[in-house]
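Report on the following structure.
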Amino acid sequence: MPDPTKSKWSVKRILIGLAIALCLIWSIFPFYWAVTTSLRKPAETFTVAGLAIPFLQFKPTLENWVAEVKVPENQRALRNSVIISVNSAILATALGTMAGYALARFKFHKIKNPDLTIWFLSQRVLPPVVVAIPFFLLARQFQALDKISTLIVLNTTFNLPFAVIIMSQLFKELPIELEQAALVDGYSRLGAFFKVALPLSTPGLVATAIICLAFSWNEFMFALILAQKNAITLPYIISGASDTRGIQFWFIATRALMAIVPPTVLALTVQRFIVRGLTFGAVKG
Amino acid sequence: MTTEKRVLGIALTTTPKVILLIGAALLLAGVSGVIYGVAKSFSFMLGAAILYVVITGFGLCQCKHWAWLTVLCGLAAVIVFTLVGLIQSTIPLLTAMIVWLVTGGVVWYLQVKQVKQTFRVTEDDVKFLFLLPAVTWVLLFTVFPFLYGIRTSFYKVQIGRVDQFIWFKNFVRYFKDYKIHHSIKITVIFIVVTVTVEILFGLLLALLFNQKIKGLKVYRTIMLMPLFATPVAIGFLFLTIFYEEGGPLNGFLIPLGLKVPWLSSPTWSMVCVMLVDIWQWTPFCFLVILAGLQSLPEEIYQAASLDYDPGWPLFRRVTLPMLQPILIIVLLLRLIEACKIFDIPSRLTRGGPGTATMVYSLYTYLTGLKYFDLGYASVQGFALLVIMMFIIQFFFRRMREIYA
Amino acid sequence: DVTVTSASGDVITFTPEEIGTIAAEGQQPFKGKEITITVNTGGPKGGISGPLFEWRDAWEKLTGAKLNIVEIPIAEQFQKVMVDLQTNAQQYDACMPAASWYGDLVTGGFAFSPEEYYADPRFPKWHREYLPPSLVNLHTWQGKWYGVPNDSDGQVLYFRKDVLTDPEWQKEFKAAVGYDLPVPPKTWDQVYDIANFFNNKDWDRDGEVEKDSGIALHFQVHNQGMYHFVSLSAAFTVLPGEKVDQCHNVYWFDPTDMTPLVNEPGHVKALEFLMKLAKTGPDAQISWDLGTAWDYFLRGDAVFTYSWGDVGALVQDEARSKIKGKLGAAVLPGSYEVYDRCQKQFVKMEQPNVVGNTTGGSWHGVILNSAKEKGVQEVIYHLLAFHATPKISMWNVTRGWTGVDPGWKLHFLKEQGGMSTVEDYVAQNWHKDDVTDYTQAYHDNFFAPVMQSYIRIPGGEEFWYKLDEHLSEAMSGQVSAKEALDRTAQDWNDINDRLGKEEQLKYYQESIGYKP
Amino acid sequence: MADVVLKNIYKEYEEGVPVVQEFNLEIKDKEFIVFLGPSGCGKTTTLKMIAGLEDISRGEIYIDGKQVNNMPPKDRDIAMVFQSYALYPHLNVFENMAFSLRARKYPEVEIKTRVENAANLLKINDFLKRLPKHLSGGQRQRVALGRAIVRKPKVFLMDEPLSNLDAKLRVHMRFELNKIHQQLEATTIYVTHDQIEALTLGDRLVLMKDGVIQQIGDPRTMYNRPANLFVAGFIGSPAMNFLTGILEAKDGALWLDMGTFQFKLPPRPEKLDAYIDQNVIVGFRPEDILDKQRAAFATETNVVKAQIDVIEPIGSEELLYVSTGNQTFVAKIPELAVGFTEKRSLVEKEIELAFNMEKVHLFDPKTEQALLNP
Amino acid sequence: MADVVLKNIYKEYEEGVPVVQEFNLEIKDKEFIVFLGPSGCGKTTTLKMIAGLEDISRGEIYIDGKQVNNMPPKDRDIAMVFQSYALYPHLNVFENMAFSLRARKYPEVEIKTRVENAANLLKINDFLKRLPKHLSGGQRQRVALGRAIVRKPKVFLMDEPLSNLDAKLRVHMRFELNKIHQQLEATTIYVTHDQIEALTLGDRLVLMKDGVIQQIGDPRTMYNRPANLFVAGFIGSPAMNFLTGILEAKDGALWLDMGTFQFKLPPRPEKLDAYIDQNVIVGFRPEDILDKQRAAFATETNVVKAQIDVIEPIGSEELLYVSTGNQTFVAKIPELAVGFTEKRSLVEKEIELAFNMEKVHLFDPKTEQALLNP
Ligand SMILES: Nc1ncnc2c1ncn2[C@@H]1O[C@H](COP(=O)(O)OP(=O)(O)OP(=O)(O)O)[C@@H](O)[C@H]1O
Ligand SMILES: Nc1ncnc2c1ncn2[C@@H]1O[C@H](COP(=O)(O)OP(=O)(O)OP(=O)(O)O)[C@@H](O)[C@H]1O
Ligand SMILES: [Mg+2]
Ligand SMILES: [Mg+2]
């Protein structure tokens, strides 16, 4: 389409450029702020005005980072977060892949496929606070409080529906002929799944796993309720950023960055997939 | 005497050995489940174990093919649980190995043609093998808590102290509690405002970015960053940003003579919570709508541009109606997420000042897990669930279409 | 002698008696034992949690045990510990609770009394006799010791001595208000007058009135804002008397029937006064936590604050404070009018009614019974006693960031009846002008003839939270003072009903020493 | 190589909605059978039933004399070429072709020689290492074919293998398929909805409609002697013209009265007496209608004057869409001897057309069965 | 209705990569012009430039005598039918058709009559209330067409409107398009890559390759007198056979020496002297090759013996793929006078074919320009 505003492109371009710049600043500023705050001495938190540009307005120091990283409790939380999110992502993706495949490829009669799908979806709709309390009581009953595996199970439960739906949407897009070809070529149903369907959906599988991982990583309420000492996760650690005498901002900044960076970076690697992931496959991105 | 013996003999010889074997194994598993349950008084585990034995045993006796499936699922559950136990290091590696070997053996044996024939297992039944683990998992971990929650809502519970059946008193409280009503009110306001603003902004941004811009991918990446930032961390981070005496925001505004009482005024603190939510979720709306825009066929635009100048009329008559399905999805997903809002207010404002940002989930959380008033908290939880179910119901047809 | 080195490099030397035989002999008898203690999150430089981190390596070297520090957000610590205890999960061996938890900890049978170890020479030596009765009360239950002291909380009034004693301002004040500027102020009304006079006046003479406030307080919800109200209202509500009865020396509930007193006229008046007083400070106070309010005062932007001992110590840290050497402190002012429940009216007093308070957590270590089951109670006691030794305590008290505040005879000056000297403080980098006032204020507070009672019944935390929530509603202008306190009273009633009124009453009577 | 027998096949996806019915067919060894029919008539379904990819609701299928109803696909020893090729995108050409051999655990050497032989035959040996996405449509098609032939299965199934190719390539691949079948001599079942493909490839065609077989026969029979109206209309392009007329006996001969004009039927052995004075449907193929000047068979009794609606030149010939009375029909004639632009002016002019009565088809309007074929 | 003139159009998307070049064309009022060419040759681009949907890099476009280079699309008064129809999915058929009228603020009554007229013409009045997604391909196509005609624009642009339809429907819609054009008499520019469509629809064809016009002419000219090798090969199906030969002068006549056989050229006015003893490319259309028995034009000097590779029956005729020496070619002949199954046995047998030398085409192998056309 010819650009009718081509003659005055400069004005339009500048406006668009400005708008884009604004948006970018808007979304990136908190990150920037966290970084500079973490580089300032605790006492300088509010004494440095305005944009707090490192070197210009204050001398950046890694003091906070060194102090935080050294704390073994933080290290344990980090390790727990990794264990929990990785394991639950793997479990959810594995189970989700199988169920997703079933929903995409087989017909179920008593309960129809779309109803099954929506049933799965509705699990994700469940507000955590609704099940948190019974869960807490049950976990107490089962002596499963403060266990990493409890959090793995819970995160898996909440990510599983998500993985099921995404994977089933993915498999639906995979031409059924490929598996039929494998059947005719001499493989069993399972063989066709493992030899053809699975390798072909690997990119989607990885993306789903990463998104699940990010979800579990960020999960807070269950960790808050069910962890006590051994199973403490990073969001839990951050949530303690206020001590007996209020909020310590440098402390927020360092711990927040520790929590934010990994899922964000991971999620960005599967950008292509994110829209589809977050909309449960309803929108192709 | 002899006839009885003969009947027994016939039964034993005609029933395939396989089934006898599995029956015995199941009995063993079930009995040990029962014993374990009794010993530890895990009422649910006990119930489940009994149910499992009865059902599977019944099916086995009749050579029903689903009995074969339940056995397989049970074994799969065993494998998964040992895995979890291993991760948790409550089960030693050797035990896990042995369990896996044994279950693996049983699974392998169940796959034998002869067994399959006995159970009349067909190729088609493979579908249950794929589906059941996930369904079992979800049922196991949501239905039990769910039922437990229902039970709790009829009880007065103070853990460690009181556990007493009180009929509908918790429900009556719910309708009389001015605080929960207040929470509902502000949660609704929160939802309406944030969802509207996010979708509107998302739409605007998507339109802005939906043109040939150099480096679109980079911009998109940056715009995407808030999405996966840990909400708890974000809640705290924004405390520093909203800091009133010279935080970065007021640092700009004070010289302009505007000193915004971000967190100290009840109204503004609600605005703060909304702003953070908007900050985090507008990118989502933006991304999804952008994807929607880019999936609209270009030819339709070209067709329309033969009739309209580009701009508002074209947008209103063509773009907007065609985006509608996407907008509905965004709306649905945002509604659901917004109903669940917890992390941000719980860290940014702690529900305050006063109760100005005491959103529903936060209030329920405090009731249940700070004051240990668990029965009442369960009632609150279920009320929220009912509301959410209404929302879902509203979109049900559309969802069925998508996932059909 | 035994020498220990803190994480930040300070060296303290103990005599063998002081440190106890376990540590002195270097045998490390606790080798291989591991203990877990919960503390409010604060990190290695945070309040209360800081000292644990600071001395962890040193202590571990002394004893050979391993120390796990579980930091829990202050808003969640109580509930997490209670969950652990009630579910018998036994994750924690000890906690650093606020004294208000005793109602749940001790009556629930979860706390372990280390009475037997006190005199045991194996353990580091600390001194019960240093504690004033008001603080002893917080660490014991019906005469039995449960806590090992650490922090001593109570609020005193801080002011800018340099500003209040400035003759020019004194003159102007007299002209404007009509009486001589009293230093320190004796009544809350005087505090209000002064704060109001200075608010938004360029009293620091920097040419602008932007950050020149009368008072700096903190009211963020769920962040200890309610303590301000409680310590202030004592002067309006606690009627001195011979003994504790329905009308005298009570603050929380009617000791005969558990009726909350919080919405009675004395409390309402106090809250209305507090709301008025808050207006002489920045509006943002509503969302401030205590650190923020302190920083405001430390940076020299307010004339008054009333708060815990941390402030005095923090003033000495020049990285944070600009007012070193300009600090004045005094026991909290009184009120000429006090509400009398029996007469249902305010009574006039001759002298301002000054009431000492132990407001706050007085965070200190309590050993849990589960530790005994695991056989590590001695290890924990060793740790707690180590932190209670005079040398460590002094070290903690003189550093603002530790969150440990003075309250023992040990910390007061000799002339005040204590055991320290100004030089002890100056040696730790204090300004000599600041020491006397500060220690005197605390001495006066903890040894005050009339003390405000401390809430120590089951559900104690919940009472605080409900009060806090409604106060915040009032402070942020959502409801009136009366309404807020009515709501509080209703909530308190609900809590008592839920927990069993009879039991609550019994515990309450026990905890305040009421004898029918 | 084997024969395939389908006995009374019946298939429904949803209760009571048959997709394939009364399907009876015996396919001889080495035969090339084409299933032909409009979209949705059940061709693919039948093929999948033979392959074992769909259940059979009722009926029996025999391959090489063995009943295979419940045999899983992998045991049936068939190979299938899919419409979309269904090449495994993650495997290169060699691996794609070796896939089925690997499933059957052939030794590596054997796999190699077989794949290479097939690749030689199909002239794809130059890109055995490439991934499918780097191949052109025609090359992909050949790989799909190669994948099927390496295994030397008993039966080949091909589901519209050419439909994704462009017209030019389609002609070429048709030619190749023909040659390959002549070389391999495998029993082949080929599905298409393109009648040209069916005519050019099949030994026998099976024409289906709504799941029911309409006619089975070799291409020439199907073209020249369609069994019913549907077959007649489906095969041939442009389609056969159908006119409605009444059969009349006059002067000892049979006449067709088409309202505004009458044609005389040449004497024929078929007994049409029952239809005298009845409505019949009269069919003429477009190429059996010629302008009177050039038609050797033009007589008094088979010429009609009609108005030209549209003239479509299609290279060597022209299609004349004409109408007379309420009948419209198409004639395929050699080029009209006038210049192009003048032709436009011919439209709406009249032309005299002769119908080759030797080639007339008659159908019963109710049963739609053929009464008379040339 | 208007004439359209394109002068020296040049278009590039990326700097230095021309997509359309030296495009000169004058389209007369009411003319039906077809742009024909292989995929990617720039047809759509040219069309979009005319519509104003793409900028023109250089050159000028005039509609009705007015230069429109910088006129926005909506003011050009053109209507366009898109390849994918581009129906508005959220509007029903009526609203789709009324869309452009509403944009131009026609009164409601007028809209109604216009849409209904168009719907009648296209026989879509039964589903005016339906949404596009509930229509079949052919119906959608008609709606797209209807949307274009309601407005009675000066110029119609159609971009491969039939390419998404199945073969049968395509034939039918072709006929309808032809009729509609005759009724509306609008200047129409039609884009296709299907030569049959081009031949049957166009008054004149514009054959493009890589953005350059190869030939402009009416269908018969394009078919019979292709200007170059590309045109000759592109038009006609099966494509023209190309053989390589050497032009020789012998016995006062010109001969073509094709290696294993020689053909004598009939005397022609064209001057071919320059090419004597040079390589030339010889072209024969398949229908100009016949078996010797039936060929009236068979002489001693145009018959060759060749081996049959494949026989493809295509209804009324048969395609013979034959080879001789290193030359292979296709002949389109009336049915061979043998039964069907016997034909298989003819393969690899020999046949004598006669070439109609009156219809021979000769091309320069280097410039690829036609030297001789019949
Ligand atoms: N999995 C299925 N479930 C339900 N109905 C089906 C299914 N597959 C096909 N059908 C229906 O069965 C009928 C026959 O389908 P089939 O695919 O065999 O047709 P076809 O002749 O191959 O058509 P095409 O030429 O379009 O491929 C169609 O009406 C189709 O809608
Ligand atoms: N927007 C564009 N940007 C860059 N190159 C383009 C663009 N649109 C088309 N092209 C290129 O221009 C050339 C001509 O494209 P055009 O769409 O005009 O071809 P066409 O003849 O219509 O082909 P088809 O028959 O496949 O539609 C192609 O090589 C194409 O890749
Ligand atoms: Mg098909
Ligand atoms: Mg195109």
Side-chain angles (χ1 to χ4, degrees), chain B residues 156-162 164 166 169 173 176-179 182 232 236 239-240 242-247 250 254-255 257 259-269 272 345-358 362-363 365-376, chain C residues 73 75-76 78-80 82-83 85-88 104 108-110 210-211 213 216 219-223 225 278 282-289 292 295-296 299 301 458-459 461-463 465-466 468-479 484 487 490-491 494-495 497-500 503:
Chain B
K156 174 173 166 181
V157 183
Q158 286 281 316
I159 52 163
R161 288 172 189 272
V162 198
Q164 177 193 355
I166 52 162
K169 282 209 186 114
R173 270 175 83 187
K176 286 206 257 176
D177 184 356
Y178 70 93
K179 288 185 217 153
H182 170 75
V232 180
F236 269 132
L239 263 182
T240 69
F242 287 129
Y243 180 65
E244 282 165 41
E245 310 286 330
N250 267 8
I254 290 174
K259 187 172 168 190
V260 181
W262 292 110
L263 294 169
S264 56
S265 128
T267 325
W268 277 104
S269 68
C272 287
S346 96
R347 298 299 121 176
L348 180 63
T349 60
R350 292 157 188 272
T355 46
T357 54
M358 184 67 74
L362 186 55
Y363 185 69
Y365 165 80
L366 288 178
T367 313
L369 291 145
K370 187 168 217 96
Y371 311 138
F372 299 117
D373 193 354
L374 290 161
Y376 184 38
Chain C
E76 271 95 28
F78 172 70
Q79 103 209 26
K80 302 241 58 142
M82 286 318 283
V83 166
L85 294 173
Q86 284 163 352
T87 58
N88 206 17
D104 292 274
F110 301 121
E210 185 51 45
K211 284 182 179 170
S213 302
F219 292 109
Q220 191 187 42
V221 73
H222 294 182
N223 225 331
D283 295 335
Q285 290 176 124
I286 308 301
S287 68
W288 279 358
D289 55 60
T292 315
D295 273 330
Y296 194 80
R299 285 201 303 270
D301 294 336
E461 282 288 294
E462 198 177 345
F463 290 120
Y465 274 113
K466 293 288 183 194
D468 182 44
E469 221 167 85
H470 295 300
L471 283 177
S472 179
E473 279 177 344
M475 295 305 301
S476 58
Q478 296 174 67
V479 295
R487 287 181 177 188
Q490 187 199 332
D491 283 351
D494 287 348
I495 298 168
D497 285 343
R498 218 169 61 237
L499 298 177
E503 287 223 315

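Every chain is numbered from 1 and lettered A, B, ... according to where its sequence line falls, protein lines coming before strand lines. From a predicted model like this one, the values you see are computed outputs, not experimental measurements.
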* Asked: Does NZ belonging to B:Lys169 count more than 12 external heavy atoms closer than 6.0 Å?
  ->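 Atom NZ in B:Lys169 is not packed in, count stays at 12 or less.
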
* Asked: More than 12 foreign heavy atoms under 6.0 Å from CG of C:Asp283: is that the case here?
  -> no

* Asked: Does any donor atom in the side chain of C:Glu473 or B:Thr355 lie under 3.5 Å from an acceptor atom in the other side chain?
  ->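 C:Glu473 vs B:Thr355: donor-acceptor pair found between side chains.
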
Which bit of [X] comes within less than 4.5 Å of chain B, counting heavy atoms only: side chain, backbone, both or neither?
| X | answer |
| --- | --- |
| C:Tyr296 | side chain |
| C:Asp494 | neither |
| C:Glu469 | both |

Atom of [X], atom of [Y] and distance for their closest heavy-atom approach:
| X | Y | answer |
| --- | --- | --- |
| C:Val221 | B:Thr349 | CG1-O, 3.4 Å |
| B:Pro353 | C:Gln478 | O-NE2, 2.7 Å |
| C:Gln220 | B:Leu239 | NE2-CD2, 4.4 Å |
| B:Ser264 | C:Ile286 | O-CG2, 3.2 Å |
| C:Ser476 | B:Gly354 | OG-N, 4.3 Å |

* Asked: Contact part of B:Tyr365 toward chain C, heavy-atom cut-off under 4.5 Å: side chain, backbone, both or neither?
  ->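 Side chain only.
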
* Could you tell me which portion of B:Ile166 (side chain, backbone, both or neither) has an atom closer than 4.5 angstrom to a non-hydrogen atom of chain C? => neither

* NZ/NE/NH1/NH2 to OD/OE distance under 4.0 Å, C:Asp468 and B:Arg350 -> no

* Test: B:Arg347 and C:Glu76 ion pair at under 4.0 Å ->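 Between C:Glu76 and B:Arg347 there is a salt bridge, with a charged N closer than 4.0 Å to a carboxylate O.
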
* **Contact leader toward chain B among C:Pro282, C:Ala284, C:Gly225, where contacts are heavy-atom pairs under 4.5 Å** => C:Ala284

* **Pairs of heavy atoms under 4.5 Å with chain B: top-ranked of C:Glu461, C:Arg487, C:Lys80, C:Met475** =>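 Greatest number of close heavy-atom pairs with chain B: C:Arg487.
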
* Between B:Tyr178 and C:Gln490, is a side-chain contact (heavy atoms from CB on, under 4.5 Å) present by the stated rule, with each step listed? -> CA-CA 12 Å; B:Tyr178 70 93; C:Gln490 187 199 332; 4.3 Å; yes

* Spatial distance of atom CG (B:Leu366) from atom CD (C:Gln79) [nearest 0.5 Å] ->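 Taking CG in B:Leu366 and CD in C:Gln79, the distance rounds to 8.5 Å.
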
* For the pair B:Tyr371 and C:Ile495, evaluate side-chain contact (heavy atoms from CB on, under 4.5 Å) and give the outcome as yes or no after the intermediate values. => CA-CA 9 Å; B:Tyr371 311 138; C:Ile495 298 168; over 6 Å; no

* **Validation row: C:Asp491, B:Lys179 side chains within 4.5 angstrom (heavy atoms)** =>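 When only atoms from C-beta onward are counted, B:Lys179 and C:Asp491 do touch, with a gap below 4.5 Å.
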
